[in-house]
Amino acid sequence: MAKFLFCLPLRLGVLLIAPIQFLITAAAAGIVWLALIRREKDSDLPTSLRISFIIFGIVYTVTALACVFGFIGAIFKKTRFISWFSFMMNYMLGFQIVSSIFYLVAFFRDGGKSVSQTVGNGTGITVCVGCTHLSKTVVVISAIIPLLVQAYVCYIVHSYRKRLAKEDAKKHAVPLTKSAYHPVQLNEEGQSLTHSGAYPYSEGAHSFGNSGKYDTPYNGGNYGKV
């Protein structure tokens with residue numbers, strides 16, 4: 001059975017994850033929208049950059065809203081709210097993976113030149129090389145750790161969603177307190193079909209055409225003789 005931090009209930013984990021994720025995504029959305037508003041005054045802002053700002057702002061805003069619903073869903077055990085929260089956490093994980101790959105490729109393609117340019121020339125070159133290697137390590141670690149944390153968040157929320165779905169299924173299940181088999185009750189229509197003794201109409205006295213006048217059965221030419 002899945003546990004939050006190996007010992008805590010999943011519901012408590014979601015109650016802690018949702019507000020933390022809300023603070024992170026809401027702060028990121030605010031920074032993106034604020035930067036976009038300030039850069040709108042610049043006429044030289046490229047269209048691609050403006051579109052990127054808008055996409056990032058929308059993604060972080062929707063995710064922050066999903067965190068609110070996830071917190072409410074964890075309090076009142078609403079499966080639909082938790083399902084939406086789980087979907088947005090998975091979407092954010094994919095979004096972070098793509099953006100991290102893009103950022104790492106761009107960083108290593110640049111080779112840390114931006115870092116070396118800030119240090120300068122002369123005696124600062126040796127320091128610059130060490131700073132470049134340090135910055136690459138920090139960038140890689142800073143890209144991997146958030147992905148691992150987000151993947152664990154997705155696992156916890158997904159596990160809690162599955163548990164709520166099972167609880168809902170048990171609530172709506174119809175209990176079978178009695179056996180589904182009911183024995184057939186004998187009635188007038190079924191008496192002859194379930195008769196345990198000899199069949200009454202197989203006797204000679206009840207044979208077809210016998211009115212009680214003739215007691216002897218048919219024996220060829222002697223039929224009807226007394």
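Numbers for residues simply follow the sequence, beginning at 1. Worth saying up front: this structure is predicted, and the values here are computed from it rather than measured. Both backbone and side-chain heavy atoms feed into the values below; hydrogens, waters and symmetry mates do not.
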For [X] and [Y], which heavy atoms make the closest approach, and how far apart are they?
X      : Y      : result
Ile54  : Leu36  : CG1-CD2, 3.7 Å
Pro9   : Phe4   : O-CB, 3.6 Å
Ala143 : Ser100 : O-OG, 4.2 Å
Gly70  : Ala18  : C-CB, 4.3 Å
Ile58  : Trp33  : N-CZ2, 3.6 Å
Ala64  : Ala26  : CB-N, 4.0 Å

Are [X] and [Y] in one and the same hydrophobic cluster, where Ile, Leu, Val, Met, Phe, Trp and Tyr link if side-chain heavy atoms are under 4.5 Å apart?
X      : Y     : answer
Met92  : Ile24 : no
Phe71  : Phe76 : yes
Ile75  : Ile72 : yes
Tyr155 : Leu5  : yes
Tyr60  : Ile55 : yes

Just by modelled atom types, is the [Y] backbone N or O under 3.5 Å from a matching donor or acceptor in the [X] side chain?
X      : Y      : answer
Tyr160 : Gly13  : no
Ser86  : Ile82  : no
His172 : Asp168 : yes
Gln150 : Met89  : yes
Ser99  : Gln96  : yes

Practice task
Would you indicate whether Tyr91, at its atom OH, is surrounded by more than 12 heavy atoms from other residues, nucleotides or ligands within a distance under 6.0 Å?
Solution key: no

Practice task
Report, as yes or no, whether the 6.0 Å neighbourhood of atom CZ on Phe95 holds more than 12 heavy atoms from other residues, nucleotides or ligands.
Solution key: yes

From [X] atom [atom1] to [Y] atom [atom2], the distance as rounded to the nearest 0.5 Å:
X      : Y      : atom1 : atom2 : value
Leu10  : Lys162 : CG    : NZ    : 11.0 Å
Lys166 : Lys171 : NZ    : NZ    : 15.5 Å
Leu12  : Ile17  : CG    : CD1   : 9.5 Å
Leu147 : Ser142 : CG    : OG    : 10.0 Å
Leu16  : Ile156 : CG    : CD1   : 11.0 Å
Asn90  : His158 : CG    : NE2   : 8.0 Å

Exercise for the section: Before giving the answer on side chain to side chain contact (heavy atoms under 4.5 Å, CB included), spell out for Leu8 and Lys3 the whole-Å C-alpha distance, their side-chain angles and the decisive distance to 0.1 Å. Expected result: CA-CA 6 Å; Leu8 299 177; Lys3 293 287 186 178; over 6 Å; no

Handout entry: Close side-chain approach of Arg11 and Arg163, heavy atoms under 4.5 Å
Key = no

Practice task
Check the pair Phe85, Phe69 against side chain to side chain contact (heavy atoms under 4.5 Å, CB included), reporting the backbone distance first and the verdict last.
Solution key: CA-CA 7 Å; Phe85 183 44; Phe69 279 90; 5.9 Å; no

